[in-house]
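Accompanying notes for the structure given below.
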Number of protein chains: 2
Amino acid sequence: MKEIEQLNHSIIEFYDKLSSWEHAVVREQNISLAQVHTIEVLGSHGAMRMKELADRLGITTGTLTVQIDKLVNAGFIARRPHESDRRSILVDLTDSGRHLYREHDDLHLALTQDITANLDKDQRKILQLCLSKMNNEF
Amino acid sequence: MKEIEQLNHSIIEFYDKLSSWEHAVVREQNISLAQVHTIEVLGSHGAMRMKELADRLGITTGTLTVQIDKLVNAGFIARRPHESDRRSILVDLTDSGRHLYREHDDLHLALTQDITANLDKDQRKILQLCLSKMNNEF
DNA sequence: AACTTTACTTTGACAATCAAACTATATAGC
DNA sequence: GCTATATAGTTTGATTGTCAAAGTAAAGTT
C-alpha cells in the first residue's frame, strides 16, 4: 500500500476512535453530543455570533437557534447583543457552562495523555508540529 | 501552556476540522453523515454483525436496525445469516455500496494529500508512527 | 430612498437516537 | 437434559437534531 493511503486510513481510524470515545463519554454525562460540542467550541474560542458558531459546528442557524434555546434554558449559555451590529447576537458560556467545559476538557486531556504515553519526547514534538501544520491547511 | 495541553487542543481542533469537512462533503452528496459513516466502517473492516457495527458506530442496535433498513432499501447494504450463530446477522456492502465507499474514500485521500502537503518525508513517517501507536491505545 | 444582502428566528417535515419491551437463539449451572 | 441467564436483533414510542423555506429586522449598496 502506498504510504499516503496508509496515512489516510490511520487518520480515518483515529477520527473514528475519537468519535466513539466522545459518544461514550457524553452518554455517561447528562448532555447530548451536539450540546457538548457547542460548549466545546465556545469554551475554546470564546463568545461568538450565531452565524459563526453554526458554521463551525457545520449546522444551519435554524438548528442552532433551538440548540442554544435549550442550553440557555439549562443555564450553560447566555445570549447578549452584539456591540456594533444590531442584527447579531453573541452567545457565550455562563460560569456553569465554563465549568462544564473544563470538566469535559479534562477528560480530553486524560485521553490525550493515555494515547500519547508510548511516544517519546521527539515524537510528541513532531506530532504537535504535524497537527499544527495540518490544522492550518484545512 | 504545558506541551500536553497544547497537543490535546491540537487533537481536538484536528477532530473538529475533520468533522466539519465530513459534514460539508456529505451535504453535497445525497446521503446522511450517519449513513456514510456506516458505509465507511463496513468498507474498511468488511462484513460484521449488527452488534459489532453498532459498537463501532457508538449507537444502539435499535438505531442501527432502522439505519440498515434504509441502506438495504437504497441498495448499498445486504443482510445475510451468520454461519454459526443463528441469532446473528451479517451486514455487508453490495457492489453499489462498495462503489460509494471507494468514492468517499478517494475524497478522504485527496484531503489527506492536501493537509500533509507541507510535511517532509521524515515528518510524515513519524506522523504515521504516532497515529498507529495512538490508535492502538484506544 | 429603494433594493439587496446578512443575521437570526420560527415553522413544518423528516431523520436519528435511545430506552424499554419483545422474540429467538445460545450458554451456563445444576 | 432442564432451567436460568445472557446475547443478538427488531419493534415501538418519545425525544432530539436536522434542514429548507418563510418571516423579521438590521446593515450595506446603488
Side-chain angles (χ1 to χ4, degrees), chain A residues 16 19-42 47-74 76-92, chain B residues 16 19-42 47-74 76-92:
Chain A
D16 282 350
S19 186
S20 293
W21 176 86
E22 188 99 20
H23 259 101
V25 159
V26 161
R27 187 89 29 93
E28 285 169 16
Q29 300 174 323
N30 207 10
I31 190 165
S32 74
L33 192 52
Q35 291 180 342
V36 85
H37 199 187
T38 302
I39 286 173
E40 271 187 312
V41 171
L42 287 178
M48 64 182 72
R49 290 179 300 122
M50 292 287 287
K51 186 62 170 62
E52 183 179 358
L53 183 54
D55 285 346
R56 282 188 192 272
L57 293 170
I59 60 179
T60 63
T61 56
T63 301
L64 185 58
T65 294
V66 305
Q67 196 63 257
I68 295 294
D69 283 347
K70 284 178 197 157
L71 288 167
V72 166
N73 227 285
F76 296 130
I77 282 184
R79 284 182 169 97
R80 65 168 195 269
H82 191 285
E83 305 129 21
S84 59
D85 186 342
R86 283 195 297 168
R87 293 170 306 179
S88 291
I89 284 180
L90 288 178
V91 283
D92 199 3
Chain B
D16 282 350
S19 187
S20 293
W21 176 86
E22 188 99 20
H23 259 102
V25 159
V26 161
R27 186 88 31 94
E28 285 169 15
Q29 301 175 324
N30 207 11
I31 190 166
S32 74
L33 192 51
Q35 291 180 341
V36 86
H37 198 188
T38 303
I39 286 173
E40 270 187 312
V41 171
L42 287 178
M48 65 182 71
R49 291 179 301 121
M50 292 287 288
K51 187 62 170 63
E52 183 181 357
L53 183 53
D55 286 347
R56 282 188 193 270
L57 293 171
I59 59 178
T60 64
T61 56
T63 300
L64 185 58
T65 293
V66 305
Q67 197 63 257
I68 295 294
D69 283 346
K70 284 177 196 158
L71 288 167
V72 166
N73 228 285
F76 296 129
I77 282 185
R79 285 181 168 98
R80 65 170 194 267
H82 191 284
E83 305 129 19
S84 59
D85 186 342
R86 283 196 296 167
R87 292 170 305 179
S88 290
I89 284 179
L90 289 178
V91 283
D92 199 4

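Keep in mind the model is a prediction, meaning the values are calculated, not measured.
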Nearest 0.5 Å please: distance from the CG atom of Asp55(A) over to the CZ atom of Arg49(A).
9.0 Å

Approximate separation, where rounding is to 0.5 Å, of Ile68(B) CD1 and Asn73(B) CG:
12.0 Å

Nearest-Å distance for atom pair [atom1]/[atom2], residues [X] and [N]:
X: Leu53(A); N: dA7(C); atom1: CG; atom2: P; answer: 14 Å
X: His82(A); N: dT6(C); atom1: NE2; atom2: P; answer: 16 Å
X: His37(B); N: dA16(C); atom1: NE2; atom2: P; answer: 14 Å
X: Leu57(B); N: dC18(C); atom1: CG; atom2: P; answer: 10 Å
X: Lys51(B); N: dT7(D); atom1: NZ; atom2: C1'; answer: 9 Å
X: His23(B); N: dC19(D); atom1: NE2; atom2: C1'; answer: 11 Å
X: Arg27(B); N: dC19(D); atom1: CZ; atom2: C1'; answer: 8 Å
X: Arg80(B); N: dG9(D); atom1: CZ; atom2: P; answer: 13 Å

Does this structure show an ion pair linking Asp69(A) with Arg79(A), if we count only N-O contacts that are shorter than 4.0 Å?
yes

State, yes or no, whether a side-chain contact exists between [X] and [Y] at a heavy-atom distance under 4.5 Å.
X: Ile89(B); Y: Arg80(B); answer: no
X: Gln35(B); Y: Val26(B); answer: no
X: Ile39(B); Y: Ile31(B); answer: yes
X: Ile77(A); Y: Thr38(A); answer: yes
X: His37(A); Y: Asp16(B); answer: yes

Quick one: classify the glycosidic conformation of dA4(D) as syn or anti, with syn meaning within 90° of 0.
syn

dA15(C) pairs with which nucleotide, Watson-Crick or G-U wobble, both distances below 3.5 Å?
dT16(D)

Report the base-pairing partner of dA26(C) (Watson-Crick or G-U wobble, both distances below 3.5 angstrom), or none.
dT5(D)

Quick one: side chain to side chain donor-acceptor pair (under 3.5 Å) partners of Arg56(A), sequence neighbours excluded?
His45(A), Glu52(A)

What N/O pairs connect the protein and nucleotides 28-30 of chain D at under 3.5 Å? Give each pair on its own line.
none

Show each protein N/O and nucleotides 10-17 of chain D N/O combination with a separation under 3.5 Å, one pair to a line.
unit_1  : atom_1 : unit_2   : atom_2 : d
dT10(D) : OP1    : Arg79(B) : NE     : 3.2
dT10(D) : OP1    : Arg79(B) : NH2    : 3.4
dT10(D) : OP2    : Thr65(B) : OG1    : 2.7
dG17(D) : OP1    : Ser32(A) : OG     : 2.6
dG17(D) : OP2    : Lys70(A) : NZ     : 2.8

For DNA chain C, whose closest nucleotide is more 5', that of Gly58(B) or that of Ser84(B)?
Gly58(B)

